[in-house]
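This report refers to the structure that appears directly beneath it.
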Amino acid sequence: MILAKITQEQAEEIRGKEFNNGNLYNPIQDTNGNWVISLTELQFLGVDFASTVELINFEPIKSELT
Amino acid sequence: MSRKFIFGGSFTSLVFEPETIAYINAIGITDETITNSLNTFVVGLKDYGLWVKLDFLYPFLGGTATTTKFNLINPIDSNSAFRITWYGGVDFTNGVRSNGVNGYGNTHFNPSTHAENNNTCLGYKSTTDLFASAVEIGAFNGQKRFAIFNLDDVQYVDMYGFNAGAGRVSLSQGDTSGVYIGSRTASNVLKLYRNGYQIGTTSTGVEFNVSDIPFDLYLGALNNAGTAQFFCARNLTFAFSGKGLSDTDVANITTLINNFDTTIGR
């Protein structure tokens, strides 16, 4: 899945803020330590913010559910 | 109990339950097929004695984060009414579906304070058959879990524990779609159901305490001691929790849910 890579500072800035009615930003880290958000969340960022991000293929942190 | 109620506005000819009207007003839905079907659903829950057993039930209607967040049992816009807070990428088109990466909902239902020992149920309806290590609804304290989920093709229900014989029912049944319900009605009775019928063997595992799970239940992910994990890209049309359900209760709520979804075409 393609996600938007953002900086740690950007992640801290938007985390928990509402991006659409009743829906809050939830930046997470991938297995390489990148902070990412979904493209849905990206759509609601301002142009200045959104223009700085890079689209990357998401590589999840491996964790085992037993 | 008041049964009949005349709904005003554009629905002057219809007679709805007051609980139906409260929910319709909260989400602002106007489609008559949906509102009529919802009222039939509410009447069914009350007639079968299910309404009073439920703490939350989400029909996920309206197609937005704002509309799908409301609890039919108590459609107040507050955490204490178990109104969902949505996070990250969630599709609300035909129910709710996490993107499987960072989307989930916090029900604000904390088993340690809101659930009752040895008298609990958890359930959902999924319309997606998708093998993945993903959790439809649950919370985890690092050792014990209050959850119902599909791990690839194996269906699990954990209530207070997760080891075989200690509060878990699990089995491989090859399809992650359907109405899944876990119900604990006694310290030594935990059952798992799919589409109205018990599957697997009744767990007679040792007693645990809901106080072991002081974390909110997440939808579309597992709340792992405050961190959302195992995001679930399966579409959900219903989710609920409440008191323990009997075999008959499970059959009845399954029928009501499936009839509702069939009528509104999802």
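Here is the naming used below: chain letters follow the sequence lines, and residue numbers restart at 1 for every chain.
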**Prompt:** Are the aromatic ring centres of W86(B) and F92(B) under 6.0 angstrom apart?
**Reply:** yes
**Request:** Spell out, as yes or no, whether a donor-acceptor pair under 3.5 Å connects the side chain of R266(B) to the backbone of T237(B).
**Result:** yes
**F260(B)/F238(B) aromatic ring centres below 6.0 Å** = yes
**Item:** Positions in residues 26-42 of chain A that reach chain B, provided some heavy atom is under 4.5 Å away
**Value:** N26(A), I28(A), I37(A), S38(A), E41(A)
**Request:** Just grab all the salt bridge (charged side-chain N to carboxylate O under 4.0 Å, His left out) pairs involving residues 213-225 of chain B, residues at least two apart or on different chains.
**Result:** none
**Item:** Contacting region of N21(A) [heavy-atom separation from chain B under 4.5 Å]
**Value:** both
**Request:** May I ask you to decide if the ring planes of Y156(B) and F149(B) are parallel, tilted or perpendicular, using 30° and 60° as cut-offs?
**Result:** parallel
**Item:** Interface moiety of A228(B) toward chain A, non-hydrogen atoms closer than 4.5 Å
**Value:** neither
**Message:** At a heavy-atom distance under 4.5 Å, which candidate from N102(B), T66(B), V90(B) has the highest pair count against chain A?
**Reply:** N102(B)
**Message:** For L222(B), which atoms come within 4.5 Å of any heavy atom of chain A: side chain, backbone, both, or neither?
**Reply:** side chain
**Asked** Side chains of T128(B) and S126(B): is there a donor and an acceptor less than 3.5 Å apart?
**Response** no
**Residue list, side-chain hydrogen bond (donor to acceptor under 3.5 Å, both in side chains) with T127(B), at least two apart or on another chain** = N235(B)
**Asked** Is the F19(A) ring parallel, tilted or perpendicular to the F44(A) ring (thresholds 30°, 60°)?
**Response** tilted
**Message:** Let's test your reading of the structure: which of V101(B), N99(B), V135(B) forms the most heavy-atom pairs below 4.5 Å with chain A?
**Reply:** V101(B)
**Message:** I'd like to know whether the aromatic ring centres of H114(B) and F109(B) sit less than 6.0 Å apart in this structure.
**Reply:** yes
**Asked** Quick one: are T35(B) and T20(B) in side-chain contact, heavy atoms under 4.5 Å?
**Response** no
**Asked** Heavy-atom distance under 4.5 Å to chain A: side chain of F230(B), backbone, both or neither?
**Response** side chain
**Asked** Checking N209(B) side chain against D212(B) main chain: does a donor-acceptor pair fall under 3.5 Å?
**Response** no
**Prompt:** Of all the residues in residues 52-64 of chain A, which have a heavy atom that comes within less than 4.5 Å of a heavy atom in chain B?
**Reply:** F58(A), S63(A), E64(A)
**Message:** Quick check with a 6.0 Å cut-off and a 45 degree axis cone: is R145(B) positioned over the face of F140(B)'s six-membered ring?
**Reply:** yes
